Amino acid sequence: MWLGPVIPVLAIVLRLFGIDYRMYPPSVVVLTMATGLLVGFTEEILTRGIAVKILRDAGLGEWSVAVVSSGIFALLHAANLFSGMSIVTVLGTIGYTFAFGMLMYLTLWVTGHLIWPMLIHGLTDPTIMLATGGIDQYGITENTLLELAGPANLLTMIVAVVALICIRGRVAKDNSATGLK
């Protein structure tokens, strides 16, 4: 289950070192990173913090908690329909964000701390945007590090499917915010 945090962290590191920062004014890099961290913190508090706590307190097993919290995370991204994205792109985004949500759930599960999915999520979005040239940009890169980071999306989806098969049990209740020991 440690693949949950490892795959996105490796992709983040590859992108951080592969981004051509000369393409952007420093203010754009700082603003993109700060915004990404805020979005990551907010979405993770909602889906891996509040939702997981409520679902566990309701007595759901870990498989159900993982699926429902990742489903909520994915559905948050359905709002992209209102930005003019095509339905096909939005459906693809929902599928990918469900898988990414599963990895963030695994990150919470194996680390026992909400800060790790917050940081990983908060660094994933801005490094993708800076590596590709912006939101929904698909550029051809000749940067080896960015090319190595590319398969992380496919690996994310594969690990999410494996997690759906392997997650079992319940987490013992205690006094922490996430219900983890």
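Here the structure is a predicted model, which is why all the values come from computation and not from measurement. Just so you know, these numbers use all the heavy atoms, side chains as well, and skip hydrogens, waters and symmetry mates.
Between Met1 and Cys166, the shortest heavy-atom contact is CE-CB, 3.2 Å. Across all non-hydrogen atoms, the minimal contact from Tyr24 to Met129 is OH-O, 3.8 Å. Looking at every heavy atom in both residues, Ala78 comes nearest to Ile94 through CB-CD1, 3.8 Å.
Transitive grouping of hydrophobic side chains (ILVMFWY, heavy atoms separated by less than 4.5 Å) brings Met85 and Leu91 into a common cluster. Residues Ile45 and Leu75 do not share a hydrophobic cluster, clusters being chains of Ile/Leu/Val/Met/Phe/Trp/Tyr side chains in contact below 4.5 Å. When hydrophobic clusters are built by joining Ile, Leu, Val, Met, Phe, Trp and Tyr residues whose side-chain heavy atoms come closer than 4.5 Å, directly or via intermediates, Trp109 is grouped together with Ile115.
Residues Leu76 and Leu46 have side chains in contact (heavy-atom distance under 4.5 Å, counting atoms from C-beta outward). With contacts defined as side-chain heavy-atom distances shorter than 4.5 Å, the pair Ile120/Met104 qualifies. Counting heavy atoms from C-beta outward, Trp116 and Leu108 have side chains that stay 4.5 Å or more apart. You'll find the side chain of Val13 reaches within 4.5 Å of the side chain of Phe17, heavy atoms only. Counting only heavy atoms from C-beta outward, the side chains of Arg15 and Leu130 never approach each other to under 4.5 Å. Side-chain atoms of Glu147 and Leu14, non-hydrogen and from C-beta on, never get closer than 4.5 Å to each other. Contact of the Thr127 side chain with the Met33 side chain is registered, since non-hydrogen atoms from C-beta on lie closer than 4.5 Å. Contact of the Met102 side chain with the Ile167 side chain is registered, since non-hydrogen atoms from C-beta on lie closer than 4.5 Å.
The CD1 atom of Ile128 sits 10.0 Å away from atom CD1 of Ile19, with the distance rounded to the nearest 0.5 Å. Atom-to-atom distance recorded for Thr97:OG1 and Ile72:CD1 is 12.5 Å, nearest 0.5 angstrom. With rounding to the nearest 0.5 angstrom, the CD1 atom of Ile87 is 4.5 Å from the CG atom of Leu81. Distance CG/Leu103 to CG/Leu106: 5.5 Å, rounded to 0.5 Å. The CD1 atom of Ile158 lies 11.0 Å from the CG atom of Asn153; values are rounded to the nearest 0.5 Å. Note that CG of Asp125 and CZ of Phe100 are 6.5 Å apart. Values are rounded to the nearest 0.5 Å.
When the shell of 6.0 Å around OH of Tyr21 is examined, it contains more than 12 heavy atoms from other residues, nucleotides or ligands.
Counting only distance, with no hydrogens or angles, the side chain of Thr111 and the backbone of Thr107 share a donor-acceptor pair below 3.5 Å. Without hydrogens or angle criteria, Ser70 side chain to Val67 main chain gives no donor-acceptor distance under 3.5 Å.
The side-chain hydrogen bond (donor to acceptor under 3.5 Å, both in side chains) check on Ser27 picks up nothing, with sequence neighbours excluded.
A donor-acceptor contact closer than 3.5 angstrom is absent between the side chains of Thr35 and Thr32.
Counting only residues at least two apart or in different chains, ring-ring contact (aromatic ring centres under 6.0 Å, His included) contacts with residues 28-87 comprise Phe73-His77, Phe73-His121.
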- Message: Does Val159 form a side-chain contact (heavy atoms from CB on, under 4.5 Å) with Ile7? I'd like the steps, not just the answer.
- Response: CA-CA 9 Å; Val159 171; Ile7 290 169; 3.2 Å; yes
